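This is a predicted model, so every value here is computed, not measured. Each chain gets a letter, A, B and so on, in the order its sequence line appears, and its residues count up from 1.
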Amino acid sequence: MRNEHLRCRLMSSQTPPSTSSEIPQTPSEYEAQRRKNRDAITALGLQPYGRRTEGLSSVAQAKSAYDPVADEDAAKNGKTPGFVDRRPTTKIAGRVVLSRDNGKLIWMNLRDHTGDIQIAVSQRDVSATEFSLAKLLDLSDVVVAEGRLMKTRTGEITVWCTSLSIGCKSLVPPPAKHEGLTDQEIRYRQRYVDLWANPETLRTFLLRSSIVSRMRQFLVQHGYTEVETPMLQALAGGAAARPFITKMNALNINLYMRIAPELYLKRLLVGGMPKVFEINRNFRNEGLDKQHNPEFTMLEAYHAFGDVETVMNLTESLIRDSAVGIAEQVVGPGAPPVLPFGDLTIDYGRPFERIAYPDLFERAMGYPITNIDRARKDLRERLPQHAAQAEKADPALVINELFEAFAEGLVDHARPTFITDYPAAISPLTRAKPDNPNLADRADLFIAGMEIAPHYTELNDPDVQESRFREQLSALEPGKGAEESTFRTMDHDFIRALKVGMPPAGGMGLGVDRLAMLLTNQRTIRDVVLFPLMRPEE
RNA sequence: GAGGGUGUAGCUCAGUCGGUAGAGCAGCGGCCUUUUAAGCCGCGGGUCCAGGGUUCGAGUCCCUGCGCCCUCACCA
């Protein structure tokens, strides 16, 4: 009953308004003209918003079905009596991207997600109604064309229509046919236009989709279990970042959008799931730039009885497999995983470089990280804008300023590189190396200068974890304290979980958007996020 | 947060020294049965991002604000 009612309402809303007073806003000249054409299509007895259509081929399938022998035969013998036309027929749906009306013969180019193809609508070969429809079509309408596959005199594969119908009327004029849609703002705000008007955009997102599904497949094949943990959390933990705050009415409490799934995934290790991963969104209340969108997709994976080395190997093989998948789609089967990113050519097939933090520091500065006096002096002299840092109590921060300024730049951007052996002092949530308590069992993967994935040997001593939490809380800067202490709270349940006992484990987090940027050669995160965050219109 | 760029027709863009708002495509009317960004003839189309100022006169110069892009900084 209820469905009936809904259906009636839906159907009535599909009926075009008969009076102009029902048109919601003043239409542009273009929209008015298209509404007029739509009404004329309705007047022909056709439904301008189409209906279910079976037996559709993609444009790519149609093109590959073209039969040159049959076409030549038809061209040569088509007019002889008793001729049997063996050219294959096809039925395709696509958006009208070009139209050339020669009077009694209309050429149009249709586009679907696989490409463009030309169709011809001849007055001689379709019904009078269908030919009238063809005359009433506008650029960016979606049509269904059926006919035989042939080549024109100039050699272009064409569907010579025997029937034509409309899938939907477009009331909005398309972007310039030659330039496409170039306005960045409209590309992001109206992605639905960008996707059809710029085939490169659709291609990028199809590639991104294939990366993510192939990653899932890879992880499952390697024995990892995919899980989903809370996105709404009473405590936003697992990373040092500011969360989005939201409110739950029923319980009258504040909740936070998660900044990381880490603490929940570790609880699953406690529960006895040995290898888990999650691919999902994290939310961080920070600024936007080429590498940051407030919501972004993160892969986190944990491996019980593994360590940092275990997950480094996982990341390396996972990224290599992703690159192989992309190379096969972009270049062809068997293509090596070598992909361009801007001016770089990145070979994902070679073993990833591994450089220890202290070694890289010494290579850049000429002295070891233990030479704190020298480091303080360097910071004052070479980075005066960070002079205040030099007076800070913790030497590791001094070292790290210099490291970021001078050492990170030595990493070859074209070569995926793990930086290992970070100072323990700047890695508060990581276990120390078994043979050196001053170094953390942590490795960060950099590609093209971007931080792609951190790896850790996870803390599993509840007492150590609790004291690290406390240190983090007490280290809050006075100015930020009031605000940040509202969401930085001790996660007692997580400590309780560690008391139950978490096996030793390796864990990693991989920025899926950044990996998608690298593999699809897009310079900004906004070009690999379908609907990037924009300031609201108006 | 700082600096730079940009905003003009549905789209892509010109617009000189401050002096009647322009082009191509798209649209409308007409012609055209093998076109390739089809072609030919004709026609219409503007809140020059918004607000203020200077000026006889502002798309143009000045100020303020907003959007987008780029670089840097911050954050991670």
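The aromatic rings of A:Phe283 and A:Phe244 stand perpendicular to each other, their planes meeting at an angle above 60°, with 30° marking the opposite boundary. Aromatic ring pairs are classed by plane angle as parallel below 30°, tilted from 30° to 60° and perpendicular above 60°; the pair A:Tyr422 and A:Tyr357 is tilted.
Nucleotide B:C75 forms a pair with no other nucleotide shown, judged by Watson-Crick or G-U wobble geometry with both contacts under 3.5 Å. Shown here, B:C25 forms a base pair with B:G10; the pair counts as Watson-Crick or G-U wobble because both key distances fall under 3.5 Å. Across all strands shown, B:G59 forms no Watson-Crick or G-U wobble pair with both key distances under 3.5 Å. Remark: B:C48 base-pairs with no nucleotide; criterion is Watson-Crick or G-U wobble with both hydrogen-bond distances under 3.5 Å.
A:Glu156 contributes no side-chain N or O that forms a donor-acceptor pair with the base of B:U34 under 3.5 Å. Under 3.5 Å, the side chain of A:Asp101 and the base of B:A38 form no donor-acceptor pair of N or O atoms. Side-chain atoms of A:Arg153 and base atoms of B:U34 include no donor and acceptor less than 3.5 Å apart. In this model, no side-chain donor or acceptor of A:Thr182 finds a partner on the base of B:U12 within 3.5 Å.
A:Lys135 has a carboxylate O that lies under 4.0 Å from a charged side-chain N of A:Asp101, or vice versa, which qualifies the two as a salt bridge.
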Measure all distances between protein nitrogen or oxygen atoms and nitrogen or oxygen atoms of nucleotides 21-30 of chain B, and list the pairs falling under 3.5 Å.
from  : atom 1 : to       : atom 2 : distance (Å)
B:C25 : O3'    : A:Lys177 : NZ     : 3.2
B:A26 : OP1    : A:Lys177 : NZ     : 2.7
B:A26 : N3     : A:Tyr30  : OH     : 2.5
B:C28 : OP1    : A:Gln33  : NE2    : 3.3

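Where A:Leu98 and A:Gln118 meet RNA chain B, the nucleotide closest to each residue was compared, and A:Gln118 sits on the side nearer the 5' end.
Among the heavy atoms of the strands lying under 4.0 Å from A:Arg124 is at least one base atom, whether or not backbone atoms are also near. Among the protein residues, A:Asp183 comes within range of the sugar-phosphate backbone only, with heavy atoms under 4.0 Å from sugar or phosphate atoms but none that close to a base. Residue A:Glu451 is in base contact, counting any heavy-atom pair closer than 4.0 Å across all strands shown. Residue A:Ser122 is classed as a base contact, given a heavy-atom separation below 4.0 Å to a base.
In the region residues 506-528 of chain A, proximity to RNA chain B at under 4.0 angstrom, judged on heavy atoms, holds for A:Thr524, A:Arg526.
Take A:Glu353 and apply the salt bridge (charged side-chain N to carboxylate O under 4.0 Å, His left out) test, not counting sequence neighbours, and it matches A:Arg415. Looking at residues two or more places apart in sequence or on another chain, you find a salt bridge (charged side-chain N to carboxylate O under 4.0 Å, His left out) between A:Arg258 and A:Glu278. Shown here are the salt bridge (charged side-chain N to carboxylate O under 4.0 Å, His left out) partners of A:Arg442, two or more places apart in sequence or in another chain: A:Asp444. Scanning for side-chain hydrogen bond (donor to acceptor under 3.5 Å, both in side chains) contacts around A:Gln522 gives A:Thr204, with sequence neighbours left out.
Looking only at side-chain heavy atoms (C-beta outward), A:Asp138 and A:Ser170 stay at 4.5 Å or farther from each other.
Environment of CZ in A:Arg281: sparse, with no more than 12 heavy atoms of neighbouring residues, nucleotides or ligands closer than 6.0 Å.
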